[in-house]
Undergrad: 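I'd like to ask you about the structure that follows.
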Amino acid sequence: GVSEAFYLGTQLGIDPKVLADVVNSSSGRSWSSDTYNPCPGVMEGVPSSRGYTGGFACDLMAKDLSLAVAAAASQKAPLPMGALAQNLYSLMSAGGHGRKDFSGIYEMLQKQQLRKE
């Protein structure tokens with residue numbers, strides 16, 4: 001969601017603070033964009049401003065998503081977006097970043113881009 005939007009915006013050359021102003025004054029506004037922005041340099045005092053330390057650990061997010069996906073499967077209720085999110089956080093955790101804040105998905109996307117270059 002928000003991490004991907006800000007990652008794409010920065011890749012398109014949009015200043016992340018300008019993007020935050022646009023998103024937060026439109027229907028895209030959410031807690032993740034206006035209170036806990038995942039893009040470093042947009043806000044002070046949030047995990048993205050301190051190397052994704054503190055906050056809610058990726059490992060905990062992966063665990064919670066696993067529980068939700070399992071509960072849905074037990075009821076034959078598909079959660080395709082939940083399963084995708086679970087996979088992303090599991091990938092981040094497997095990469096050794098399980099203790100980082102869940103908003104570190106933004107950083108993971110950046111690092112994947114650098115590997116492709």
Undergrad: Return the minimal non-hydrogen interatomic distance between C39 and S48, and the atom names on each side.
TA: O-OG, 3.6 Å

Undergrad: Is there a donor-acceptor contact under 3.5 Å from the side chain of S66 to the main chain of A62?
TA: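 Flag set: sc S66 to bb A62 pair under 3.5 Å.
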
Undergrad: Any idea which heavy atoms bring V42 and A20 closest together, and the distance?
TA: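 Where V42 meets A20 most closely, the heavy atoms are CG1-CB, 3.8 Å.
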
Undergrad: Are any side-chain N or O atoms of S25 and backbone N or O atoms of D21, one a donor and one an acceptor, separated by less than 3.5 Å?
TA: yes

Undergrad: Please give me the minimum heavy-atom distance between G54 and R50, naming the atom from each residue.
TA: CA-NH2, 4.2 Å

Undergrad: Measuring from Q86:CD to K63:NZ, what's the distance to the nearest 0.5 Å?
TA: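 Q86 CD to K63 NZ: 12.0 Å, rounded to 0.5 Å.
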
Undergrad: Hey, are the side chains of E4 and L8 touching, using non-hydrogen atoms and a 4.5 Å cut-off?
TA: no

Undergrad: In Å and rounded to the nearest 0.5 Å, what is the CE to OG distance from M61 to S103?
TA: 9.5 Å

Undergrad: Find out if a path of hydrophobic residues (ILVMFWY) with successive side-chain heavy-atom gaps under 4.5 Å connects M108 to Y36.
TA: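 As far as the 4.5 Å side-chain criterion goes, Y36 and M108 are connected within one cluster.
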
Undergrad: For V2 and S30, work out which heavy atoms get closest and say how close.
TA: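 Smallest interatomic distance, heavy atoms only, reads CG2-OG, 3.7 Å.
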
Undergrad: Decide whether Y52 and L60 are clustered together by the hydrophobic rule: side chain heavy atoms of Ile, Leu, Val, Met, Phe, Trp, Tyr closer than 4.5 Å, transitively.
TA: yes

Undergrad: Might you point out which heavy atoms bring H97 and C58 nearest each other, and give the distance in Å?
TA: O-CB, 3.7 Å

Undergrad: Keeping the roles fixed (side chain from S3, backbone from P38), state whether a donor-acceptor pair exists under 3.5 Å.
TA: no

Undergrad: Starting from Y7, can I reach I14 by hopping between I/L/V/M/F/W/Y residues whose side chains sit under 4.5 Å apart?
TA: yes

Undergrad: Side chain to side chain contact (heavy atoms under 4.5 Å, CB included) between F102 and L65: does it pass, once the steps are laid out?
TA: CA-CA 12 Å; F102 73 97; L65 286 165; over 6 Å; no

Undergrad: Is it the case that one hydrophobic cluster holds both V46 and I105, taking links as side-chain heavy atoms less than 4.5 Å apart, direct or via other members?
TA: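 No: no chain of side-chain contacts under 4.5 Å links V46 to I105.
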
Undergrad: Looking at D34 and M43, what are the two nearest heavy atoms and their distance?
TA: O-CE, 3.4 Å

Undergrad: Hey, could you give me the CG/CG distance between N24 and N37, rounded to the nearest 0.5 Å?
TA: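 Here the interatomic distance stands at 7.5 Å.
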
Undergrad: Set out, in order, the CA-CA distance, both residues' side-chain angles and the distance that settles side chain to side chain contact (heavy atoms under 4.5 Å, CB included) for M92 and K100, then state yes or no.
TA: CA-CA 9 Å; M92 183 176 160; K100 287 190 172 190; 4.0 Å; yes

Undergrad: Given the rule that I, L, V, M, F, W and Y join up when any side-chain heavy atoms are under 4.5 Å apart, are L19 and W31 in one cluster?
TA: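 Linked within one cluster.
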
Undergrad: Can you check whether F56's main-chain N or O pairs, donor with acceptor, with D101's side chain at less than 3.5 Å?
TA: yes

Undergrad: Is the backbone N or O of A57 less than 3.5 Å from a side-chain atom of R99, with the two atoms forming a donor-acceptor pair by type?
TA: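 Between the backbone of A57 and the side chain of R99 there is no qualifying donor-acceptor contact (under 3.5 Å).
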
